Structures are given as structure tokens and as C-alpha cells.
Chemist: 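Please see the structure below; I have some questions.
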Amino acid sequence: TFGLNEFATRLTSAVAGILSIALIFWLVSRLNLRLGLIAASIIAVNPWHIFMSRKALEANMGLLFVLLTVSTWIKLYKKPQIKWIGLFFLFCLLSYFTYPATKVFLIIFLTFTCFTSLIQKKWLGSVLAIIAIGIGLATFISPQSRARGREITLNSPTHLEQIRKDLDLEIHSAGLVNPHLPVVLVRSYSNKYLFLARDFIFKFVDHFNPAFFLSKGDDRPRFTLAKSGYLTFVEGLLIIIGVIHLSRLPRQVTVPTLVWIITAAIPSSLTTENPHPVRFLLVIPALVFLAAYGVSFIKNRWLISALAVV
């Protein structure tokens, strides 16, 4: 053993980061080997991934287990075998109990895969996805999960109290502007549920602010890269190129990629701290894939070499 020291504490997260690189290579190379090599190279030098792999964070382990879950799902989807089914549920459980954000992400993403399986009449895949979703939902029943939810989610008592104060102010302001306006009408557009929905939407959109990715990063010093965002400007440019040409890929690739990006932003959007680079870490595989795909449209080898150096 290494003992209780900084090296031993960081080792597990570092190994998880390395294994995540290998899994992203395997997942992307199923589409194209060259694309897989490019994706692995990009994530290997990605500031966000390196930064999170250096810290002893559950989120980094959660990313690894989600990638393992998706990988085993692909294997059993193509060729159902007991060993792949067993590994799929094992990695599902590890994802659920490693980090809350991975639990929310995986439940939503598995719901998407369940519908996909139903459309393609893959009945075994649908049943397995439903069972995995049910297990994930059951974990929310635990007292620890509910206690944590009461602390950080939009439905926490502290946040609801702030909403109540804001609503009272809105209703009072509406009454001052138009004293004859019925309270029932004001309540129809100034109520807790619409306020929570609006809050969620604003927080969700904040995740895709270019400043968050490229320059500003997170406001909390603990998760901030010095004078930098979580992506380099070169990666940002390549992602834009990849998005522009995304329609050229088959729907079996474009739809899961977009669903992955959208789903990755949901767990953090459900909390009061937003955008949160740790809870949003799950978006990295999709962004790396888009960046690698963007590289494939740059034909000048000298330009590619220059971008790699930058």
C-alpha cells in the first residue's frame, strides 16, 4: 500500500482519468479509428479533464463508470450475453452510488436508450434499460440521498424561502403598477412552479456560455483554472466546426451526441450552484468527440500540426 498521503489520495482519480481516455478512444473508434485516435489525443491534453483527474473527486470516478456503462451497453446491444448484462448492471450501480450527478445523468440517458430500443424493437434492451432506471430511481429513497437533495437542489428549503420572498416582491410590485389587477391573475404567472421552471431554464442555458468554457470558468476558486476556462480556444474552434458539420453523420450518432450534451447539463441545472464544472464534467466525452470530428474537416496538415502545438 502507499499509505495515507497525497500520492495515494490522487492516484485513484488519476487512474480513472487515464482509463477514461482509453474508453473514449474505444467508443469513438467504433465510428472511425482515426477519429478515435484524435479524440483520445484531445482529451489527454484537455485542461478540464487534467484538472479534475488531479483532484480526488467522485465525479471523475463517476465519469469513468458512466463510460463503462455505455460501453457494456453497446456490447450487449449488439450481442446479448450474460457477462455483458452482468457488467452493465455492475457499472450502473457503481455510477449510481459514486456521485449524484452521474445518477441523474444515467437515468435520463437510459430513458433515451429505452425509447430507442423500443423503436428498433430490441425488447431485451428495453427491459434491461427499464430495470436499470428503476434501480436508479430507487436509490433516491435513501435518507442520505434525500438529505443531500434538501441541501443543494432548487427545491431546498433555503432556495424555496428565497423564491417566496421574490414572489411576494413581484406580486407587490404588480399591485403597485395596477392596483385593480386580480391577485389570481398575478398568481397565474408569479408562482413557485413557474419560478422554479424559469430558474432551471436560466441555469441550463448558463452552461453553454462561451465565457464559462473558454475564459471565465467557475466563480469558486476551488474549481477554477488560473486565468483560463475549461477548454482551450483551439478546442472551442474545433467544436464549432464539428457542430456545423454534425448533420453529415448518421442519426445513430448525432442524436445520442446531442442527447448526451443536453443530459449532462441537467444535474447541475437542478442545483443552486450553477454552472458547476464538477457536476457538468460528464459533457466532456461529447465535446471531445465534436472537437475530433472538427479536426477531420481540416485538410491542411501544417495547420493541424500548428493547432496541435497551440
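These numbers were taken from a predicted model, which means no experiment stands behind them.
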Chemist: Check whether any side-chain heavy atom of Glu235 lies under 4.5 Å from a side-chain heavy atom of Phe213, and answer yes or no.
Modeler: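 A side-chain contact is absent here, since even the closest heavy-atom pair is not under 4.5 Å.
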
Chemist: If hydrophobic clusters are built from ILVMFWY residues whose side chains come within less than 4.5 Å, do Leu106 and Leu90 share one?
Modeler: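 Yes: a chain of side-chain contacts under 4.5 Å links Leu106 to Leu90.
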
Chemist: List the atom pairs, donor and acceptor, that lie under 3.5 Å between side-chain atoms in residues 118-137 and the rest of the protein, sequence neighbours left out.
Modeler:
{"residue": "Gln120", "atom": "OE1", "partner": "Tyr77", "partner atom": "OH", "Å": "2.4"}
{"residue": "Ser126", "atom": "OG", "partner": "Leu118", "partner atom": "N", "Å": "3.3"}
{"residue": "Ser126", "atom": "OG", "partner": "Lys122", "partner atom": "O", "Å": "3.1"}

Chemist: Is there any ring pair (Phe, Tyr, Trp, His ring centres under 6.0 Å) pair reaching into residues 235-255, and which pairs are they, with sequence neighbours excluded?
Modeler: His245-Phe297

Chemist: How many angstroms lie between CD1 in Ile266 and CD1 in Ile261, if you round to the nearest 0.5 Å?
Modeler: 12.5 Å

Chemist: What distance separates Leu87 CG from Trp73 CH2, expressed to the nearest 0.5 Å?
Modeler: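 If we round to the nearest 0.5 Å, Leu87:CG and Trp73:CH2 are 14.5 Å apart.
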
Chemist: Could you list the residues that satisfy side chain to side chain contact (heavy atoms under 4.5 Å, CB included) with Ser53, not counting sequence neighbours?
Modeler: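 Side chain to side chain contact (heavy atoms under 4.5 Å, CB included) check on Ser53 returns His49, Asn60.
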
Chemist: Report, one line per pair, each donor and acceptor closer than 3.5 Å where one atom sits in a side chain of residues 22-30; sequence neighbours left out.
Modeler:
{"residue": "Ser29", "atom": "OG", "partner": "Phe25", "partner atom": "O", "Å": "2.8"}
{"residue": "Ser29", "atom": "OG", "partner": "Trp26", "partner atom": "O", "Å": "3.0"}

Chemist: Do Leu258 and Leu67 sit in one hydrophobic cluster, given that two such residues count as connected whenever their side-chain heavy atoms are within less than 4.5 Å of each other, even indirectly?
Modeler: yes

Chemist: So Trp48 and Phe280, do their side chains get closer than 4.5 Å, heavy atoms only?
Modeler: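 Answer yes - side chains close enough.
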
Chemist: Give me the atom names and distance for the closest heavy-atom approach of Ser269 to Ala265.
Modeler: OG-O, 2.6 Å

Chemist: Phe89: which residues meet the ring-ring contact (aromatic ring centres under 6.0 Å, His included) condition with it, sequence neighbours left out?
Modeler: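 Phe89: no ring-ring contact (aromatic ring centres under 6.0 Å, His included) contacts found.
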
Chemist: A side-chain contact here means heavy atoms from C-beta on lying under 4.5 Å apart; do Pro285 and Val70 qualify?
Modeler: no

Chemist: Residues two or more places apart in sequence or in another chain: which of them pass ring-ring contact (aromatic ring centres under 6.0 Å, His included) with Phe204?
Modeler: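 If we apply the ring-ring contact (aromatic ring centres under 6.0 Å, His included) test to Phe204, skipping adjacent residues, the hits are Phe208.
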
Chemist: Please tell me whether Ile284 and Leu37 are part of a single hydrophobic cluster in this structure, the criterion being side-chain heavy atoms less than 4.5 Å apart.
Modeler: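 Different clusters: Ile284 never reaches Leu37 through Ile, Leu, Val, Met, Phe, Trp or Tyr contacts under 4.5 Å.
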
Chemist: Looking only at non-hydrogen atoms, find the nearest pair between Ala291 and Leu238 and report the distance.
Modeler: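 So the two residues come closest at O-CB, 3.6 Å.
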
Chemist: Calculate, to the nearest 0.5 Å, the distance between atoms CG and OG1 belonging to Leu246 and Thr257 respectively.
Modeler: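 With rounding to 0.5 Å, CG (Leu246) is 6.0 Å from OG1 (Thr257).
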
Chemist: Run Tyr293 and Leu31 through side chain to side chain contact (heavy atoms under 4.5 Å, CB included) and show every step you take.
Modeler: CA-CA 11 Å; Tyr293 185 54; Leu31 182 64; 5.9 Å; no

Chemist: Step by step, work out the side chain to side chain contact (heavy atoms under 4.5 Å, CB included) result for Ser296 and Ile38.
Modeler: CA-CA 9 Å; Ser296 65; Ile38 295 172; 5.6 Å; no

Chemist: With sequence neighbours excluded, what pairs up with Ala59 under the side chain to side chain contact (heavy atoms under 4.5 Å, CB included) test?
Modeler: Tyr99, Val278, Leu281

Chemist: Which heavy atom of Pro47 sits nearest a heavy atom of Thr232, and at what distance?
Modeler: CG-CG2, 3.8 Å

Chemist: Would you please name every residue forming a side-chain hydrogen bond (donor to acceptor under 3.5 Å, both in side chains) with Thr98, sequence neighbours left out?
Modeler: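 Per chain and number, Thr98 pairs via side-chain hydrogen bond (donor to acceptor under 3.5 Å, both in side chains) with no residue.
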
Chemist: Which distance, rounded to the nearest 0.5 Å, do you find between the NZ of Lys75 and the NZ of Lys83?
Modeler: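 It comes to 7.5 Å.
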
Chemist: Can you sort out the partners of Trp260 under ring-ring contact (aromatic ring centres under 6.0 Å, His included), two or more places apart, ordered by chain and number?
Modeler: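 With neighbours one apart ignored, the set is Phe105, Phe109.
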
Chemist: Between Thr102 and Leu63, is the side chain to side chain contact (heavy atoms under 4.5 Å, CB included) condition met? List the steps.
Modeler: CA-CA 7 Å; Thr102 60; Leu63 173 62; over 6 Å; no

Chemist: Does the pair Val255 and Phe112 meet the rule for a side chain to side chain contact (heavy atoms under 4.5 Å, CB included), with working shown?
Modeler: CA-CA 10 Å; Val255 175; Phe112 161 73; 3.7 Å; yes

Chemist: Calculate, to the nearest 0.5 Å, the distance between atoms CG and CG belonging to Leu64 and Leu94 respectively.
Modeler: 9.0 Å

Chemist: For a quick test of reading the model, state the closest non-hydrogen atom pair linking Ala264 to Pro267 and the distance between them.
Modeler: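 Nearest heavy atoms, Ala264 then Pro267: O-CD, 3.5 Å.
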
Chemist: With sequence neighbours left out, write down each residue that passes side chain to side chain contact (heavy atoms under 4.5 Å, CB included) with Ile244, or none if nothing qualifies.
Modeler: Ile240

Chemist: How is the hydrophobic cluster of Ile18 composed, in terms of its other members, when Ile, Leu, Val, Met, Phe, Trp and Tyr link through side-chain heavy atoms under 4.5 Å apart, directly or indirectly?
Modeler: none

Chemist: Consider only side-chain heavy atoms of I, L, V, M, F, W and Y, link residues closer than 4.5 Å, and tell whether Val253 and Leu33 are in one cluster.
Modeler: no

Chemist: So, the side chain of Thr69 versus the backbone of Phe91: is there a donor-acceptor pair under 3.5 Å, distance only?
Modeler: yes

Chemist: Grouping I, L, V, M, F, W and Y whenever their side-chain heavy atoms are under 4.5 Å apart, do Ile21 and Val15 come out in a common cluster?
Modeler: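 Yes; tracing contacts between hydrophobic side chains, which count when under 4.5 Å, links both residues.
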
Chemist: Going by side chain to side chain contact (heavy atoms under 4.5 Å, CB included), name the residues that satisfy it together with Ser41, two or more places apart in sequence or in a different chain.
Modeler: none

Chemist: Taking all atoms of both residues into account, what is the closest heavy-atom pair of Leu282 and Ala101, and its distance?
Modeler: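 Heavy atoms of Leu282 and Ala101 come nearest at CD1-O, 3.9 Å.
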
Chemist: To the closest 0.5 Å, what do you measure between CZ (Phe289) and CD1 (Ile42)?
Modeler: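 Spacing of CZ (Phe289) from CD1 (Ile42) equals 11.0 Å.
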
Chemist: Hey, are the side chains of Phe88 and Ile85 touching, using non-hydrogen atoms and a 4.5 Å cut-off?
Modeler: no

Chemist: What pair of heavy atoms forms the shortest contact from Ile107 to Thr111, and how long is it?
Modeler: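 Result for this residue pair: O-OG1, 2.7 Å.
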
